[in-house]
Structures are given as C-alpha cells and as structure tokens.
Amino acid sequence: MQKIESHASFGGRQEVWQHDSSSTGTPMKFGIYLPLQALAGEKCPVLYWLSGLTCTEQNFITKAGAQAYAAQHGMVIVVPDTSPRGEAVPNDEGYDLGQGAGFYLNATCAPWDRHFRMYDYIVDELPALVEANFPVNDARAISGHSMGGHGALTIALKNPGRYRSVSAFSPIVAPSQAPWGQKAFQAYLGDDRETWKAYDSVELVQNALAARLPLLVDQGDADEFLQGQLKPELLKAACEKMGHPLTLRLQPGYDHSYYFIASFIGEHIAHHARALKAL
C-alpha cells in the first residue's frame, strides 16, 4: 500500500491510501479517518461509507464533515472509491455506467466482468486489508449515499452478522425498478432479471434469509430523483409486509446533495456508534 494523503483533523488524521486490488485487478484508493484513539494504538470500530454515482473517495472526506463526529465517538471511517478506474478499464459515455458507477456488485457480463467486482472488494478484500494494517477491531457498520446507499443496504442484508448497523441517505432501494439500476444491471448482469434480485434491497428484504438489521434511511423530500429513481415507498412497503425494522425519515426541504448529508451525518454516526460499542 502507498499513503498518498495525510491531514491532521480533529485530533486524528485523514489519510488516503492506494493499493493493488485482487478483486478489481486495478489500483484502488480509499480514504480512512483515524481518530486520536487509533493513532494511540487503541483498536477502534469501523464505519464503511459507500459513495454515489460519479464520486470518488474525495467527495465524502471533503464535504460531509464526518471527521468531527468520528473523533467524538472514537470511530474509524473507511471510504472506498466507487469503481475500478484506468485506461484498461471499460467505461461508458453516460455518468451512470462504467467508471464511477460500480453499483457495488460483481459483474458477470463482458467487458465489465474482468474488473467490476466491487461487491467482493467491499465485503471481503477491503475489510481484510484494513483489519491487517490499521488499529481496528471487528466491529463494523456500513452506510452510504444514493448508489452507495443501495450498496450499503444490499451488502448488509446479504451478510448476516458481518455488520452491527446499517444506514443510508437517499438510497436507490429498488434498482430493478429504477432507470439507473436497470441500465447498470442489464449491462453488468445481463437480461435475466432473477439475477438482479441479489442486488435489490426491496427483493432482499422479502427474503427470509436476509439479515434483520434495523434499517435507518434519511430521504430529502426536495430530492430531484425521489420519484423516478429512489422510490423509498417501495422499501417501506416491503419492510411492513415482512415486519423488517425500518426507520424512514423524510426530511422536508432537503435535496440529493452533500448539504443534506452534512446536515444529518452526525446523527447517523451516533446511530452507528451506539451499535458498534454495544456488547
């Protein structure tokens, strides 16, 4: 691994690292905030944050204001990039497919299947790397925004026992029923819609084998993507049908931007801190 950024922040350090990924076959970057406790050698719990379409690790670490809250709770925050990148990596002219749009799945269709294995990267490779190289314990939480909210919810639901808590901002809860998700799933997974269900929160909630972690979702009611792409009412209906615990907060006046995330990130980090520190 190579450390490419390091900045003092609220008594801790915000760093960015690069490494060669066996999952994607490319170099990958991730941001990591290490609070004072971690710098002193204490093993701390970890929140994994998954960003949305077009983002890199930089968006969250520079715009969300999360470091102050992570320092307060003694929490490490790990922020991976949203996809593999590079000249040899397939791409698309649209912002919602290809580089910057990995959708946190394992692609099975060419030309994407060689590099676009973000599910394996987030679930297995990145935590193993973090736990081997930084002062963290095995208490994990996961959260994200938009496409990353989709990733956080699906990954938590598919991996019972791996995470102690999950939350999302403006998640794509039913990508099989939304234009963003349909475009990506058809390209990455092919035409068989049965395979799409493995990466769809609404479908996973209705699976009896899904992890029953309580879901915390914040959604702005002035979000320009609310009706066409996000459709939180579908998640609410699925959770009510299955008795799955869900706290869905519709926040008046908020849009899809990092102004929204920064307004409520402190509450989300406190939510995760309570779960991560619980015995």
Side-chain angles (χ1 to χ4, degrees), residues 9-12 14 31-38 44-52 55 57-80 136 139-157 162-173 201 205 211-226 230-233 235-236 239 244-279:
S9 180
F10 294 96
Q14 176 65 61
I32 184 167
Y33 179 72
L34 300 167
L36 181 62
Q37 294 92 325
C44 297
V46 186
L47 171 64
Y48 289 87
W49 172 270
L50 307 184
S51 296
C55 291
E57 78 288 340
Q58 292 292 323
N59 298 73
F60 182 81
I61 68 176
T62 60
K63 294 181 179 180
Q67 291 90 346
Y69 303 106
Q72 176 185 343
H73 293 287
M75 181 188 300
V76 170
I77 303 182
V78 174
V79 186
V136 302
R140 309 179 195 94
I142 192 165
S143 185
H145 170 234
S146 194
M147 178 185 70
H150 141 77
L153 293 177
T154 56
I155 287 171
L157 289 167
R162 180 173 287 273
Y163 305 96
R164 297 192 184 182
S165 55
V166 58
S167 73
F169 289 83
S170 315
I172 309 170
V173 301
S201 296
V205 161
R212 292 187 61 81
L213 275 179
L215 310 181
L216 171 61
V217 175
D218 269 323
Q219 173 65 60
D221 73 356
D223 191 320
E224 62 269 39
F225 305 114
L226 177 57
L230 306 179
K231 306 181 180 183
E233 69 278 2
L235 181 64
K236 181 179 179 182
C239 287
H244 194 110
L246 167 68
T247 300
L248 174 60
R249 308 192 304 186
L250 199 61
Q251 303 290 3
Y254 286 90
D255 58 20
H256 200 71
S257 71
Y258 264 84
Y259 295 107
F260 172 44
I261 296 169
S263 298
F264 297 99
I265 192 64
E267 295 179 23
H268 280 241
I269 290 177
H271 161 79
H272 293 295
R274 288 190 293 271
L276 288 168
K277 294 177 181 179
L279 297 176

Revision key, fill the gap. Interatomic distance, OG@Ser143 vs CD1@Ile77, rounded to 0.5 Å, equals 9.5 Å
Study note, to complete from the structure: By side chain to side chain donor-acceptor pair (under 3.5 Å), Ser51 pairs with (sequence neighbours left out) Trp49
**Study point:** Candidate pair Thr247 and Leu215, rule side chain to side chain contact (heavy atoms under 4.5 Å, CB included), full reasoning
**Key:** CA-CA 6 Å; Thr247 300; Leu215 310 181; over 6 Å; no
Review point. Are the side chains of Val166 and Leu153 in touch, meaning some heavy atoms are under 4.5 Å apart?
Key: yes
Check your understanding: Quick one: does Ser146's side chain have a donor or acceptor within less than 3.5 Å of a partner on Gly148's backbone?
Key -> no
Exercise for review: Just do the side-chain hydrogen bond (donor to acceptor under 3.5 Å, both in side chains) check on Ser201 and Thr154 with the steps written out, would you?
Suggested key: CA-CA 5 Å; Ser201 296; Thr154 56; 5.3 Å; no
Check your understanding: Would you say the side chain of Gln251 lies within less than 4.5 Å of the side chain of Gln219, judging by non-hydrogen atoms?
Key -> no
Revision key, fill the gap. Note: Cys44 and Gly74 closest approach over all heavy atoms is CB-O, 3.5 Å
Check your understanding: How far does CG of Asp218 sit from CD of Glu267, to the nearest 0.5 angstrom?
Key -> 7.0 Å
Review point. Arg249 versus Leu216: any side-chain heavy-atom pair under 4.5 Å?
Key: yes
Check your understanding: Are Leu248 and Cys239 side-chain neighbours, meaning at least one heavy-atom pair lies under 4.5 Å?
Key -> no
Check your understanding: With a 4.5 Å heavy-atom cut-off, do Lys63 and Ile261 have their side chains touching?
Key -> no
Point to revise | Steps toward side chain to side chain contact (heavy atoms under 4.5 Å, CB included) verdict (Ile142, Leu50) | key: CA-CA 8 Å; Ile142 192 165; Leu50 307 184; 4.0 Å; yes
Check your understanding: Short question: side chain of Arg140, backbone of Arg164 - any donor-acceptor pair under 3.5 Å?
Key -> no
Check your understanding: Yes or no on side-chain hydrogen bond (donor to acceptor under 3.5 Å, both in side chains) for Gln14 and Gln67, after CA distance, side-chain angles and deciding distance?
Key -> CA-CA 8 Å; Gln14 176 65 61; Gln67 291 90 346; 3.0 Å; yes
**Study point:** Pair Ile265-Tyr69, side chain to side chain contact (heavy atoms under 4.5 Å, CB included): steps then yes or no
**Key:** CA-CA 8 Å; Ile265 192 64; Tyr69 303 106; 3.8 Å; yes
**Study point:** Note, Ser167 side chain near His272 side chain (heavy atom, < 4.5 Å)
**Key:** yes
Study note, to complete from the structure: Only one of Tyr33, Phe60, Tyr48 passes side-chain contact (heavy atoms from CB on, under 4.5 Å) with Val79, and that residue is Phe60
Exercise for review: Would you mind reporting whether Leu246 and Leu235 have side-chain heavy atoms less than 4.5 Å apart?
Suggested key: yes
Point to revise | Pair Asp223-Tyr254, side chain to side chain contact (heavy atoms under 4.5 Å, CB included): steps then yes or no | key: CA-CA 6 Å; Asp223 191 320; Tyr254 286 90; over 6 Å; no
Review point. Under 3.5 Å, side chain of Asp255 to main-chain N/O of Ala222, donor-acceptor pair present?
Key: no
Point to revise | Side chain to side chain, Met75 and Ile269, heavy atoms closer than 4.5 Å | key: yes
**Study point:** Lys277 side chain to His73 backbone, donor-acceptor under 3.5 Å
**Key:** yes
Point to revise | With Phe169, the ring pair (Phe, Tyr, Trp, His ring centres under 6.0 Å) member among His150, His145, His268 | key: His268
